[in-house]
Amino acid sequence: MIVPAPVPTVRFSNPPTMYPIASKNVAVIGAGAAGLIAAHELRQEGHKVVVFERENQVGGIWVYNPATESDSLGVDPTRNLIHSSLYASLRTNLPREVMGFRSYPFLYKRGSHRDPRRFPGHREVWEYLKDFAVDFKLCGLVRFGTEVWHVGLMENGKWKVTSRKREGNAYNDRNQEKLDEVYDAVVVCNGHYTEPRPAEIPGVEGWPGKQIHSHNYRDPEPFRDQVVVLIGSAASADDISREIAKVSKEVHIASRSVQNGIIGKLAGYDNIYHHSMIESTQGDGSVAFQEGSVVYADIILHCTGYKYHFPFLETDGIVTVDDNRVGPLYKHIFPPALAPWLSFVGLPWKSKWIAGTLSGRLSLPSPKEMMADIQAFYSSMEASGTPKRYTHNIAGYQFEYDDWLAAQCGCLPTEEWRKQMYVETSMRKRSQPETYRDQWEDEHLVRQAEADFSQYFSKVPSS
């Protein structure tokens with residue numbers, strides 16, 4: 001097993017732009033990972049950039065907040081909003097070599113709060129994003145403590161962005177003074193792990209137990225000695241189910257993807273059980289599953305994902321969210337009728353393409369051609385029986401998508417070691433869910449990554 005060596009102090013430079021450009025005034029909404037790389041690429045292209053960030057620091061979802069919302073299920077529109085969905089013990093489910101920006105490797109740095117593990121805790125990711133913002137001098141572009149209240153299309157094709165300064169936690173004070181500004185383009189990077197998407201459960205209105213969405217999960221203590229039904233099968237469900245099993249009486253995992261052959265007790269655990277989805281709930285506290293079993297539970301924990309949510313955006317119906325499909329979006333980024341002046345980063349994201357189209361260096365197909373591409377994509381989803389809510393789930397073709405975008409920008413495709421490392425990690429995650437973060441056999445890929453990273457940094461000369 002290889003422990004990453006600390007990286008020497010490095011200096012990153014911004015190479016000059018070598019082609020004529022049309023500089024635009026661009027508003028970027030959010031200073032998380034997507035917003036930071038968007039701001040960097042836009043400025044590299046020669047655009048004037050303002051980043052709006054409602055919190056007082058960069059990092060977005062990676063800024064841990066131990067507080068939770070007043071509505072633990074996250075459906076009350078008047079609840080106090082907490083942006084972070086991190087739980088205290090969270091570690092990445094991908095190695096740092098895969099996670100980092102290509103030109104800014106996610107390497108271990110010495111420091112009192114740094115984490116040398118390949119699959120580090122959440123704070124290490126936040127530290128990495130802060131390093132990126134500092135090294136590329138991005139913090140000066142960010143208006144911290146500023147919430148975007150409204151983004152609307154003007155008659156001249158420009159965008160009016162209305163914002164307001166944060167005063168303590170007074171986001172719900174609608175009488176605060178607001179600032180109106182005009183921008184040529186808007187890049188939406190507000191994240192998609194804040195608005196919970198709880199499961200729909202028959203009879204739950206009369207069920208007497210407590211419901212919580214994983215957005216408001218921080219540690220296992222509230223589940224001590226409780227019988228818990230956990231809904232979900234993704235990474236957070238795997239981690240949280242095993243963590244709360246250490247203190248709870250029983251954990252019953254309900255999932256659409258469970259196979260009949262593994263219904264029952266999870267191997268290696270005395271109190272974790274797999275079930276099919278919930279059939280119904282009753283006023284006596286019972287929860288019935290589709291395979292026929294029934295348990296009496298104290299808590300239903302929804303590890304069921306999130307909704308795409310853009311409450312500030314007004315496009316006269318051009319862009320809509322329908323069953324978690326944001327559309328129509330060409331390649332998950334551009335709405336054809338508004339391209340390239342409105343774009344979405346994080347669905348997933350590729351900022352270099354956006355920056356190049358805004359400057360005129362890169363071109364897009366016609367709106368008609370983009371719509372035809374979108375309709376063909378939607379038709380393929382229907383033909384394969386893929387639900388609409390999975391429109392932006394590109395896990396099955398992640399690298400093909402990334403490489404297509406790289407080709408549009410004239411960039412190199414994804415490194416082979418990165419692809420192999422991603423695939424091998426995914427396989428270990430399924431076969432060794434308890435140990436894959438600390439035991440691996442891809443040292444040869446780590447060495448390839450480290451050799452590749454050397455081209456992106458140099459030692460600072462001695463003063």
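Computed from a prediction, not measured in an experiment: that's the story for all the values here.
- Considering only heavy atoms from C-beta on, S214 comes within 4.5 Å of I240 through its side chain.
- Side-chain atoms of R102 come within 3.5 Å of backbone N or O of L412 as a donor-acceptor pair.
- Between V345 and V188 the shortest side-chain heavy-atom distance does not fall below 4.5 Å.
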After noting the C-alpha distance and the side-chain angles of D135 and Y104, does the key distance pass the side chain to side chain donor-acceptor pair (under 3.5 Å) rule? CA-CA 10 Å; D135 285 340; Y104 192 83; 2.6 Å; yes
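- For S359 (side chain) and G356 (main-chain N/O), a donor-acceptor pair under 3.5 Å exists by modelled atom type.
- Ion pair D115/R123 not flagged as a salt bridge, since none of the NZ, NE, NH1 or NH2 atoms sits closer than 4.0 Å to an Asp/Glu carboxylate oxygen.
- Between H150 and F312, the ring center distance fails the sub-6.0 Å criterion.
- Without hydrogens or angle criteria, E45 side chain to H47 main chain gives no donor-acceptor distance under 3.5 Å.
- Counting heavy atoms from C-beta on, the side chains of K24 and K48 never come closer than 4.5 Å.
- Using modelled atom types and a 3.5 Å distance limit, the side chains of D452 and Q448 yield no donor-acceptor pair.
- A donor-acceptor contact shorter than 3.5 Å links the side chain of R218 to the backbone of A67.
- Residues forming a side-chain hydrogen bond (donor to acceptor under 3.5 Å, both in side chains) with E195 (at least two apart in sequence, or on another chain): R79.
- Between M99 atom CE and M421 atom CE the span is 13.0 Å, to the nearest 0.5 Å.
- Scored by the side-chain hydrogen bond (donor to acceptor under 3.5 Å, both in side chains) test, K388 finds D322 as partners (sequence neighbours excluded).
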Check against side chain to side chain contact (heavy atoms under 4.5 Å, CB included), S343 and I333: CA-CA 5 Å; S343 55; I333 298 174; 3.9 Å; yes
Go through it in stages, so that I can follow the logic: the residues are W62 and Y128, the test is ring-ring contact (aromatic ring centres under 6.0 Å, His included), and I'd like the CA-CA distance, side-chain angles, deciding distance and then a yes or no. CA-CA 10 Å; W62 292 102; Y128 165 74; over 10 Å; no
Begin with the C-alpha distance, continue with both residues' side-chain angles, and end with the deciding distance and a verdict on side chain to side chain contact (heavy atoms under 4.5 Å, CB included) for Y401 and H332. CA-CA 10 Å; Y401 174 81; H332 306 282; 3.7 Å; yes
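- In this structure, E97 pairs ionically with R118, as a charged nitrogen and a carboxylate oxygen lie closer than 4.0 Å.
- Rounded to the nearest 0.5 angstrom, L153 CG and L313 CG are separated by 9.5 Å.
- Applying the ring-ring contact (aromatic ring centres under 6.0 Å, His included) criterion to Y183, with sequence neighbours excluded, gives no partner residue.
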Report the C-alpha separation of S366 and E369 in whole Å, then their side-chain angles, then the decisive distance to 0.1 Å, and conclude whether the side chain to side chain donor-acceptor pair (under 3.5 Å) test is met. CA-CA 5 Å; S366 69; E369 291 171 320; 3.2 Å; yes
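- Shown here are the side-chain contact (heavy atoms from CB on, under 4.5 Å) partners of A185, two or more places apart in sequence or in another chain: V26, W341, L358.
- When the shell of 6.0 Å around CG of D270 is examined, it contains 12 or fewer heavy atoms from other residues, nucleotides or ligands.
- Applying the side-chain contact (heavy atoms from CB on, under 4.5 Å) test to I278 and every residue at least two apart in sequence or in another chain returns I201, V229, I231, A254, T281, V287, F289.
- With sequence neighbours left out, the ring-ring contact (aromatic ring centres under 6.0 Å, His included) criterion links H302 to no other residue.
- Looking only at side-chain heavy atoms (C-beta outward), V321 and H309 stay at 4.5 Å or farther from each other.
- In this structure F52 satisfies the ring-ring contact (aromatic ring centres under 6.0 Å, His included) test with no other residue, sequence neighbours excluded.
- At a threshold of 4.5 Å between non-hydrogen side-chain atoms, the residues E69 and L81 count as touching.
- Checked for salt-bridge contact, D131 and R114 meet the test: a charged N lies under 4.0 Å from a carboxylate O.
- Remark: the backbone N or O of Q439 is not paired with any side-chain donor or acceptor of T435 at under 3.5 angstrom.
- Applying the salt bridge (Lys or Arg N to Asp or Glu O under 4.0 Å) criterion to E434, with sequence neighbours excluded, gives R242.
- One finds no salt bridge joining R447 and E450 here, because no Lys/Arg side-chain nitrogen approaches an Asp/Glu carboxylate oxygen to under 4.0 Å.
- Taking K158 as the reference, M154, N156, V182, D184 meet the side-chain contact (heavy atoms from CB on, under 4.5 Å) condition, with sequence neighbours excluded.
- The cationic atom of R325 (NZ for Lys, CZ for Arg) lies less than 6.0 Å from the six-membered ring centre of Y378 and within 45° of the ring axis.
- Within 6.0 Å of the CD atom in E441, the count of heavy atoms belonging to other residues, nucleotides or ligands does not exceed 12.
- Side chains of L362 and Q408 form no contact here, defined as non-hydrogen atoms less than 4.5 Å apart.
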Show me the donor-acceptor pairs within less than 3.5 Å that the side chains of residues 85-92 make with the rest of the protein, sequence neighbours left out.
from, atom 1, to, atom 2, distance (Å)
S85, OG, Y193, O, 2.4
S85, OG, H215, ND1, 2.5
S85, OG, Y306, OH, 3.1
Y87, OH, D239, OD2, 3.2
S89, OG, E243, OE1, 3.3
S89, OG, E243, OE2, 2.6
R91, NE, F119, O, 2.8
R91, NH1, D438, OD1, 3.3
R91, NH1, D438, OD2, 3.2
R91, NH2, F119, O, 3.1
R91, NH2, D438, OD1, 3.0
T92, OG1, L94, O, 2.8

Please walk me through it: do H40 and F101 pass ring-ring contact (aromatic ring centres under 6.0 Å, His included)? CA-CA 11 Å; H40 171 62; F101 302 135; 8.5 Å; no
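- The shortest distance between side-chain heavy atoms of R143 and V50 falls below 4.5 Å.
- In this structure, W417 has its ring center closer than 6.0 angstrom to the ring center of F453.
- We find that E124 and R96 are joined by a salt bridge, their nearest charged nitrogen and carboxylate oxygen being less than 4.0 Å apart.
- Evaluation of the side-chain contact (heavy atoms from CB on, under 4.5 Å) rule for K419 yields F399, D403, T414, E416 as partners, not counting sequence neighbours.
- Residues L73 and I212 fail the side-chain proximity criterion, which asks for heavy atoms closer than 4.5 Å.
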Give the intermediate values and the outcome of side chain to side chain contact (heavy atoms under 4.5 Å, CB included) for residues T146 and S163. CA-CA 7 Å; T146 304; S163 63; 3.7 Å; yes
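- For H83, there are no ring-ring contact (aromatic ring centres under 6.0 Å, His included) partners at least two apart in sequence or on another chain.
- To the nearest 0.5 Å, the span separating OG on S248 from CD on E221 amounts to 11.0 Å.
- You'll find the ring centres of F344 and Y308 outside the 6.0 Å limit.
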Can I354 and E41 be said to form a side chain to side chain contact (heavy atoms under 4.5 Å, CB included), step by step? CA-CA 9 Å; I354 296 170; E41 294 292 353; over 6 Å; no
